[in-house]
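Below is one structure, written out as structure tokens; the observations come after it.
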Amino acid sequence: MLANEEVTNEGRSDRGNHPVFRRPMKQWMMRITAYADRLLADLDRVDWFESVKLMQRNWIGRSEGAYISFATDAEPGSSGSAMSNANRSGSAIEVFTTRPDTIYGTTAMLLAPEHPLVDELVADEWPADTDPRWTGGAATPREALHAYRAQAAAMTDLQRQTERDKTGVWLGLNCRVPTTGEPVPVFVADYVLIDYGTGAVMSVPGEDQRDWDFSVQFGLPIMRTVQPPPDFDGEAYDGPGLAINSDFLNGLGKDDAIDAICDWLEERSCGRRTVTYKLRDWLFSRQRYWGEPFPIVFDETGLPLAVPEAELPVELPELIDWAPRALDESSEPEPPLGRATEWATATYDLGDGERAYRRELSTMPQWAGSCWYYLRYLDPANDDTLVDPEVERYWMADPDGGVGGVDLYVGGVEHAVLHLLYARFWHKVLYDLGHVSGPEPFGRLYNQGYIQAAAYQDSRGVYVEASEVTERGGKFFWGDAEVTRHFGKMGKSLRNAVTPDDIYSAYGADTLRTYEMFMGPLDQGRPWETHSVIGSHRLLQRVWRSLIDEQTGELTVADVEPDADLERMVHRTIDAVTDAMSDLRFNSAIARITELNNELTRRGGATPRSVADVLVRLLAPLVPHLAEELWSKLGNTTTVVYAPFPLADPAMLAAEVIEVPVQVNGKVRSRITVDAGISPADLEAAAKADDRIAQLTAGADIRRVVTVPGKLVNIVLS
RNA sequence: GUCGGAGUGGCGGAAUUGGCAGACGCGCUAGAUUAAGGAUCUAGUGCCCGAAAGGGUGUGGGGGUUCAAAUCCCCCCUCCGACACCA
């Protein structure tokens, strides 16, 4: 059992890539749609990437619009049964539209093939002179409908998405546009989705391209009801404009026209304003073994009852064989827990004495636990309650009145509309019940990029083991065979996985951490290069040798003060690393630490103790093991974790003398060394006095001199 | 198709606000050290011309704004990701 979002575009399961069959079943649902508006509104209050917020907004898919009823014609001459005639005459079709202002342009009514009214409405015979395009070549509307449904059902979702030519069949009857009473034909068309809105749409070709395409296909008239701009040369026009051909709406702008028509429809009870969502309720049952069992039992009448709190939790039974039996399209789905025959029946006193009940055999999806684990982490040993309220407030509440939640949540974008939406919903429910102090689970979210790896295919397109491929002269070979390279997610199918264990044993965990953080920006995908890991390993070795004599293992740190240059460099490094770390730019932080250590290597000799101390504390968040060892060697008796991060002294950041480039016409021609606090006038004079600059400007007409204190001088000649 | 992100040396990438493009690392070249190899250390390394000094050119392509553009504006191209007939 899968939710829609667990099915891939190819119509297979997201996990395991198994074929998926559609089957109607009775299932537990979570009413996440009741929270749709709050899930949408609170996105404005969290510090997340705009792209993820957008994905959630699109997934929730809030649309304002109107339901409108279209009365159907029961053809007096129809030879339908008394029963179906009775139904038909009473049936109105309700549509959902975001553009009720375009109703005067309606030229057809379209129903999804699965729409429940279709069978009631379909006529028994084609009227005389029916357009042959409308019949699908069938002798009667009913036959046309059956054939069309069979054809739609045979198509996979992928085909339905790529096959965009509009198709459909006429049901052999008309309905009436409520504003005009005009008859328009009722079609079944598979581009209308049963899952969205009411499963029926009014076809307005003038303002909707899909309807335009359909109308062209079926020879239906097209009339604009919104005036496009004069230079518009497209087909359907859905932009802003004044209403035309629309009776009392004529001359109104879009919003005013929508208001006016909604008032009109509501006064006559044939329509009403509404809001719909793309978001569906959350299907919460799974026919799997590994999942939390539902604390629900059924009595003999099939009434579901909650297991009393004192009996919680309901735990999974031990099952020897819980693997799903092979299922195909024709087999009856069976939950694995159905095999735990003893467990499946439970005895409880639910108010009228001890009685036997049947347990719910479905389990919860994997998302059930990931919706609240971060709360449980706050107070994991607490057996009485989810989380102690005081503990929860300490960790999760925002003293500045924000939404609170986890301070920084790092994860992949693949959870943008699954875990991250479910957890927000769950948290809001807990918030409403008073169990948590804020409305959002994750105040700040950061999405790290995927690390990709090179994958290689031979001439047949078969993937070969990436670690066995060698590069010669810009080409890649597996044995003697040339192979082609591309980059993809690490994994078995591309045969390009690099396991952390191998890197640990070759270089250690600190090196792996350093390399991963140094590869590039955290939020971007980057290619893994095993041969580059050595660079991070060298850095750590060089740091070690800056502080420790490799031969003796003795500390080589000296109790001397660093000279002014080194002191300034230390503070500039602290400043830069602090900035980079708070922005999660770890690659830059590591680069700056490397520069400081390179300077120590260049100088040779013993490292001043204060510099060694700073170096180790800067490194501690990145390489905890190495830093802890060095910290202890420096004579500290407590862990470096409790040592404060170094603070830069602002007075030490500015150099006394600086080198300033001098440009002539925007090109750097020389550099001058000046006091840091030099005035612009003196800076300009110093630039002009420079030998090379004097040479280049001699006899030329200086039109302008731009001096940027501390940055540069640009002399513009005419 | 729509939305989002990104294009900088041989490679990964740096460049808070327009102000020295290429920090840092990999790789490569040369030297020191070494019995040798590895490791280590030092120097060099965008491209073109030049012995050098120096000059030209250069951040996907084209145009623009500016004394000055990887950075701002307009048009185009390519790659990656998400969604996919949502009425």
Side-chain angles (χ1 to χ4, degrees), chain A residues 9 49-52 54-55 57-59 61-63 65 95-100 102 110 157-158 160-164 166 189-193 195-204 207-211 213-214 238 276-279 413-414 416-417 449-450 452 474 487-488 514-515 518-521 523-536 538-539 541-542 545 550 576 579-580 583 585 587-595 597-598 601-602 604 659-671 692 703-708 710-717:
Chain A
N9 281 341
F49 284 172
E50 213 38 56
S51 58
V52 176
L54 194 66
M55 282 161 84
R57 285 191 191 106
N58 290 342
W59 191 265
R62 183 181 199 273
S63 307
V95 302
F96 170 72
T97 176
T98 56
R99 297 296 303 275
T102 64
L110 309 176
D157 278 2
L158 190 67
R160 273 175 84 152
Q161 280 162 24
T162 44
E163 191 57 59
R164 293 224 166 179
K166 300 287 178 281
D190 69 358
Y191 77 92
V192 179
L193 307 175
D195 288 336
Y196 186 75
T198 61
V201 303
M202 58 187 210
S203 175
V204 187
E207 283 79 38
D208 186 294
Q209 186 61 42
R210 296 159 299 181
D211 296 341
D213 295 341
F214 184 83
D238 59 9
T276 64
Y277 302 91
K278 217 169 102 180
L279 181 71
V413 268
E414 72 273 23
V417 290
Y450 291 108
Q452 301 198 308
F487 287 87
T514 307
Y515 173 64
F518 184 65
M519 286 167 79
D523 60 336
Q524 277 164 41
R526 302 143 284 171
W528 173 273
E529 287 177 319
T530 300
H531 71 257
S532 290
V533 176
I534 188 71
S536 298
R538 282 182 194 146
L539 166 65
Q541 287 179 323
R542 285 159 63 112
R545 284 197 299 268
E550 273 197 302
D579 268 11
D583 280 356
R585 287 169 19 241
N587 52 331
S588 296
I590 292 168
R592 299 309 294 262
I593 293 171
T594 306
E595 281 180 297
N597 190 62
N598 284 352
T601 305
R602 199 170 297 119
E659 197 185 54
V660 175
V662 181
Q663 299 179 332
V664 175
N665 287 338
K667 289 183 188 191
V668 179
R669 295 302 182 190
S670 185
R671 290 160 203 285
R692 201 166 147 61
R703 186 151 55 99
R704 184 174 170 189
V705 178
V706 181
T707 59
V708 183
K711 290 283 187 185
L712 57 52
V713 178
N714 187 12
I715 299 172
V716 186
L717 308 178

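Lettering follows sequence order; numbering is per chain, from 1.
Straight-line distance between the C1' atoms of G46(B) and G58(B): roughly 8 Å, to the nearest whole Å. Atom name P, nucleotides U16(B) and A70(B): the rounded distance is 13 Å, in whole Å. Nucleotides G12(B) and C80(B) place their P atoms 15 Å apart, quoted to the nearest Å.
In this entry U40(B) has A32(B) as its Watson-Crick or G-U wobble partner, both defining distances falling under 3.5 Å.
Residue R542(A) has its side chain nearest to C41(B) when only C41(B), A87(B), C24(B) are considered. The R210(A) side chain lies nearest to A87(B) when the options are A87(B), U40(B), G56(B). Of the candidate nucleotides A82(B), A87(B), U40(B), A87(B) has the atom lying nearest to any side-chain atom of V192(A). Side chain of Y191(A), nearest nucleotide from C86(B), C85(B), C24(B): C85(B). Distance from the side chain of R692(A) is smallest for G54(B) among the nucleotides A87(B), C24(B), G54(B).
For the pair E529(A) and Y515(A), the minimum side-chain heavy-atom distance is below 4.5 Å.
In this structure, CD on E207(A) lies 11.0 Å from OG1 on T98(A), to the nearest 0.5 angstrom. Atom CG of L539(A) and atom CG of N598(A) lie 8.0 Å apart (nearest 0.5 Å).
Regarding contacts with the backbone of G55(B), a side-chain N or O of R669(A) is found under 4.0 angstrom from either OP1 or OP2. The phosphate of A84(B) (OP1 or OP2) has no side-chain N or O of N58(A) nearer than 4.0 angstrom. For the pair R538(A) and G27(B), the criterion of a side-chain N or O lying under 4.0 Å from OP1 or OP2 is met.
Contacts of N665(A) with the nucleic acid, taken as non-hydrogen atoms under 4.0 Å apart, are absent. Within 4.0 Å of S536(A), counting heavy atoms only, lies no atom of the nucleic acid at all. Among the protein residues, V716(A) comes within range of the sugar-phosphate backbone only, with heavy atoms under 4.0 Å from sugar or phosphate atoms but none that close to a base.
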Under 3.5 Å between N/O atoms: give me all the protein pairs with nucleotides 48-52 of chain B, atom names plus distance.
none

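Taking 90° from 0 as the syn/anti boundary, the base of G25(B) is oriented anti.
The CG atom of L279(A) sits 17 Å away from the P atom of C86(B) (whole-angstrom rounding).
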Subject >> Base-contact (B) and sugar-phosphate-only (S) positions in nucleotides 8-22 of chain B, heavy-atom cut-off under 4.0 Å, - elsewhere >> reply: ---SBSSSB--BB--
